[in-house]
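Here the structure comes first, spelled out in C-alpha cells, and everything after it is commentary.
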Amino acid sequence: MSNTRCRIAPSPSGFLHIGTAKTALYNWLFAKKTGGVFILRLEDTDAERTDEQYVHGMCEGFRWLGIEWDEGPEFGGVPEKGAYGPYRQSQRRELYRAEALRLLDEGKAYKCFCTKEEIDAFRKDRPHDRFMSPWRDAAPSKVAAMGDAPSAVRFKVPEGETVLHDVIQGEVRWNNREYDDFVILKPNGDPIFHLAVVVDDAHMKITHVIRGDDHLTNAARHVMLFEALGFPLPQYAHHPLVHDEQGRKLSKRMHGANVLDWRDDGYLPEAIINYIALLGWTSEEENREFFTLDELKDHFTLERLTKSAARFDRKKLDWLNGQHIRRLSVEDFRDRILPILEAQGFDVRARTPEWLTRVAEICQGKIPTLNQIVQQTDFFFRPVTPYEEAGVKKHFHMDGRLCLEAVLGVFASTDDWTSKTLHDAVQALADRMGTGLRKLVHPIRLALTGKTVGPGLFELAELLGKKTCLERIEDALAYIAALDEL
RNA sequence: GACCCCAUCGUCUAGUCUGGCCUAGGACACCAGCCUUUCACGCUGGCGACACGGGUUCAAAUCCCGUUGGGGUCGCCA
C-alpha cells in the first residue's frame with residue numbers, strides 16, 4: 001500500500017463532462033496502479049451554480065463508468081467515506097477562512113476594500129492590465145480605519161519567479177509579474193477556487209494532481225499558495241484537453257459531451273473507458289488498443305501520457321464499442337440488451353431465457369452499439385409490415401412469388417425445426433430449382449422480417465418458430481398477389 | 001493584447017528525452033478484393049504524415065532559433 005492520494009474535484013454545476021471523466025480515469029488509474037487512494041471532492045463553493053441534480057448526475061456517471069471513489073461524499077444511500085472529510089467544499093468554509101486569516105496574520109495576504117464596481121471600471125478601462133489594489137501596502141492605521149467595511153482578502157503575489165515541475169509538461173516557469181493579487185476570500189467569507197483547492201489538496205494529503213491543462217497557468221497561483229501556506233507541494237500533471245471532431249473545445253451543449261449520453265445511445269462503459277484512456281495515453285505494449293478497466297489499471301503510467309490535444313472520433317469509438325460487445329459473454333450481452341428491448345415495449349418476459357440467449361447470440365457479432373439491437377430483432381416481437389420498399393421492388397415480383405410458394409411447401413413439411421435442417425431443406429430446394437441459395441434467401445428474409453438485412457436467415461427462422469414462419473410467408477404471398485392485381 | 005502549452009497520415013498515435021536500426025510503424029476511417037444467405041464480423045491489400053524556414057552535425061521526425069497554426073489562462077466562476 002503506497003501513500004499515493006489522487007482526486008477528482010468536479011464542480012457540480014453541470015453533468016459529468018467527457019473531459020472530467022478522462023481526468024477522473026487518469027487519477028483513478030494512477031491511484032490504483034500505485035496501490036493508493038482515489039478521492040472524490042465536490043467543489044461546490046459557488047452556491048449559485050451548484051445543483052443537487054448535477055451532483056447526482058456526476059456520481060451516477062462515475063458509477064456507470066466503474067470509477068469508484070475510496071473517499072468521498074455521501075451518495076445514493078452510501079454514507080461519506082474517508083478520514084479527511086467533509087468532501088464537499090461547501091462544508092469546509094471554516095477551514096478556508098482559518099487559512100486565509102493565517103496568511104493575513106503573516107502579511108502574505110491583505111484586506112482589499114475596493115468595490116466590485118471600482119474593479120470593473122478599471123478592467124473596462126484597461127482590459128489588458130493587471131489590477132493593482134491600492135490596499136496592497138496600505139498602512140495599518142488606514143486599514144483599521146475601515147472597520148468592518150466589506151473587504152475581500154487578496155493574496156500578496158511575491159516578487160520573483162514561480163517554477164512548476166510538471167510530470168507531463170516538464171519545467172514551466174512564470175514571472176510573478178504576470179499575476180495580480182488574486183482574491184482568495186470573498187467579502188461574504190466564501191473562498192475562491194484557488195484557495196479552496198490548495199487548502200483541500202494540502203489537508204487531504206493529495207500527492208498527485210492530475211488535471212486538464214486549462215489549469216496550467218492556474219498552477220502557478222497554486223504553487224505560490226502552497227509555498228505561502230507552508231505545505232509540501234503535490235506532483236502536478238497537466239494533460240491536454242479533449243476537442244470535438246472539428247478540433248474545438250467540447251461544447252457543453254453538444255450531445256455526447258455528457259458521459260451519460262453515451263449510455264443512452266447504447267455504448268458500453270467499458271468502451272467509453274477504453275476510448276477516453278486512448279485519448280491521450282498509449283500503452284508501452286506496442287500497437288495494443290483494446291483494454292478493460294482492469295487491464296488499464298495494470299498498464300497505466302503517467303510517463304505514457306501524450307502532450308498534444310486529441311480530437312474525439314466517433315467512428316473509432318464505434319469500433320471499440322463493437323470490440324467490447326463481441327468480447328462479452330452471451331449471457332452478459334443478453335442482459336444488457338434486454339432493458340433496451342423492454343423499453344421498446346417488446347414483451348421479452350414472455351420468452352424463455354434460453355430463447356433470449358439464442359437471439360442475443362445471433363446478433364452479438366453484428367452490432368456496433370447496443371441500441372441497434374432493436375432494428376436487428378424487432379420482427380421477433382411485432383408484425384413485419386410494412387415491408388421495406390426497396391426489398392419489395394427487388395424480391396416481391398413473379399420470381400419471388402414462385403420461390404415463396406415452393407418454400408412454403410418445404411417449410412410446411414419440415415418437422416425438425418432447426419436452422420441446420422431448414423438450411424439443408426432450402427438448399428435442396430434451390431438445387432432442385434437449379435438456382436442459387438441466395439435467390440431464395442432474399443424473398444424469405446423479406447417475408448419473415450420485412451427487411452433486407454438482419455441476422456442469419458435460418459437461425460432467425462428457427463427462433464421465430466414454424467407457425468409464425470408459415471403465417472408470414474402466406475401473408476407475403478397474399479401481399480404479392482395484391483400487388484399483381486394493381 | 002500579454003503570458004503559458006502544443007505541432008508526425010483525414011483522426012488517435014509509435015518513434016523525439018538518450019540524433020543514425022525511420023525509404024517513418026500500428027489503429028480508426030476511406031478504397032479494392034476475399035469470405036458469405038443479407039448486413040455486419042473476419043482476412044488480404046491499397047491510399048495516406050514528420051506545419052514552414054533557418055541553423056548545429058558526417059547524419060535530424062528527433063537538438064537549437066524563428067515563423068505560422070491550434071489550444072489555454074488572464075473573474076469577488078471552478
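For the numbers below, each heavy atom of this structure counts, side chains included, while hydrogens, waters and symmetry mates do not. A note on names: the letters A, B, ... follow the listed sequences, proteins ahead of strands, and every chain is numbered from 1.
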Provide, to the nearest angstrom, the distance between the [atom1] atom belonging to [X] and the [atom2] atom belonging to [N].
X: A:Phe312; N: B:A29; atom1: CZ; atom2: P; answer: 15 Å
X: A:Leu216; N: B:C4; atom1: CG; atom2: C1'; answer: 6 Å
X: A:Ile276; N: B:C12; atom1: CD1; atom2: C1'; answer: 14 Å
X: A:Glu303; N: B:U16; atom1: CD; atom2: P; answer: 14 Å
X: A:Glu459; N: B:U38; atom1: CD; atom2: P; answer: 13 Å
X: A:Tyr275; N: B:C12; atom1: OH; atom2: P; answer: 8 Å
X: A:Asp44; N: B:A78; atom1: CG; atom2: C1'; answer: 11 Å
X: A:Asp313; N: B:C30; atom1: CG; atom2: P; answer: 10 Å

Heavy atoms only, 4.0 Å cut-off, all strands: where does [X] land among base, sugar-phosphate and nothing?
X: A:Phe458; answer: base
X: A:Pro187; answer: base
X: A:Leu317; answer: nothing
X: A:Arg49; answer: base
X: A:Arg248; answer: sugar-phosphate
X: A:Pro455; answer: base
X: A:Lys439; answer: nothing
X: A:His215; answer: base
X: A:Cys114; answer: base
X: A:Gly280; answer: sugar-phosphate
X: A:Asn218; answer: base

Could you tell me whether the phosphate oxygens of [N], OP1 or OP2, come under 4.0 Å of any side-chain nitrogen or oxygen in [X]?
X: A:Arg445; N: B:U37; value: no
X: A:Arg326; N: B:C41; value: no
X: A:Thr282; N: B:A14; value: yes
X: A:Ser11; N: B:C77; value: no
X: A:Gln323; N: B:G42; value: yes
X: A:Arg221; N: B:C4; value: no

Same-atom distance ([atom1]) from [N] to [M], integer angstrom:
N: B:G25; M: B:G70; atom1: C1'; result: 26 Å
N: B:U16; M: B:C30; atom1: P; result: 32 Å
N: B:G10; M: B:C31; atom1: C1'; result: 14 Å
N: B:G66; M: B:U23; atom1: C1'; result: 30 Å
N: B:G53; M: B:U62; atom1: P; result: 13 Å
N: B:G55; M: B:G48; atom1: P; result: 30 Å
N: B:C63; M: B:A7; atom1: P; result: 10 Å
N: B:A24; M: B:G20; atom1: P; result: 15 Å

Before we go on, tell me: are the rings of A:Trp262 and A:Phe312 under 6.0 Å apart, centre to centre?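 Close enough - the centres of the two rings lie under 6.0 Å apart.
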
Answer yes if the ring centres of A:His203 and A:Tyr96 are under 6.0 angstrom apart, and no otherwise.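 That pair fails the under 6.0 Å test.
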
Which one is paired to [N], where only Watson-Crick or G-U wobble pairs with both distances under 3.5 angstrom count?
N: B:A51; result: B:U67
N: B:C41; result: none
N: B:G19; result: none
N: B:A2; result: B:U73

Between [Y] and [X], is there a salt bridge with N-O shorter than 4.0 Å?
X: A:Asp46; Y: A:Arg49; answer: yes
X: A:Arg177; Y: A:Glu159; answer: no
X: A:Arg41; Y: A:Glu43; answer: yes

Is it true that the NZ or CZ of A:Arg327 lies under 6.0 Å from the centre of A:Phe290's six-membered ring and within 45 degrees of the ring axis? yes

Looking at A:Phe182, I'd like to know if the NZ or CZ of A:Arg221 sits under 6.0 Å from its six-membered ring centre while staying within 45 degrees of the ring's axis. yes

According to side chain to side chain donor-acceptor pair (under 3.5 Å), does anything in residues 446-456 of chain A pair up with another residue at least two apart or in another chain? List the pairs.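 Qualifying pairs, neighbours excluded: A:Asp378-A:Lys451, A:Glu388-A:Thr452.
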
Please pick, from [options], the nucleotide with the shortest atom-to-atom distance to any side-chain atom of [X].
X: A:Ser308; options: B:C39, B:U37, B:C6; answer: B:C6
X: A:Arg438; options: B:A78, B:U37, B:C6; answer: B:U37
X: A:His243; options: B:G71, B:G75, B:U37; answer: B:G71
X: A:Ile192; options: B:U38, B:C77, B:C4; answer: B:C77
X: A:Val172; options: B:C4, B:C76, B:C12; answer: B:C4
X: A:Thr306; options: B:A14, B:A78, B:G71; answer: B:A14

Any chance the side chains of A:Thr162 and A:Asn176 put a donor and an acceptor closer than 3.5 Å?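 Side chains of A:Thr162 and A:Asn176: pair found under 3.5 Å.
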
Taking donor-acceptor contacts at under 3.5 Å, does the side chain of A:Lys366 reach the base of B:C39?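 It does, because a donor-acceptor pair links the side chain of A:Lys366 to the base of B:C39 below 3.5 Å.
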
Please produce a list of atom pairs where a protein N or O lies less than 3.5 Å from an N or O of nucleotides 23-27 of chain B.
unit_1, atom_1, unit_2, atom_2, d
B:G26, O4', A:Asn287, OD1, 3.4
B:A27, O4', A:Glu289, OE1, 3.3
B:A27, O2', A:Glu289, OE1, 2.4
B:A27, O2', A:Lys316, NZ, 3.4
B:A27, N3, A:Lys316, NZ, 3.2

Taking the side chain as every heavy atom from C-beta outward, state whether A:Arg288 and A:Thr282 have any pair of such atoms under 4.5 Å apart. no

Counting C-beta onward and ignoring hydrogens, is there a side-chain heavy-atom pair between A:Phe226 and A:Asp201 closer than 4.5 Å? yes

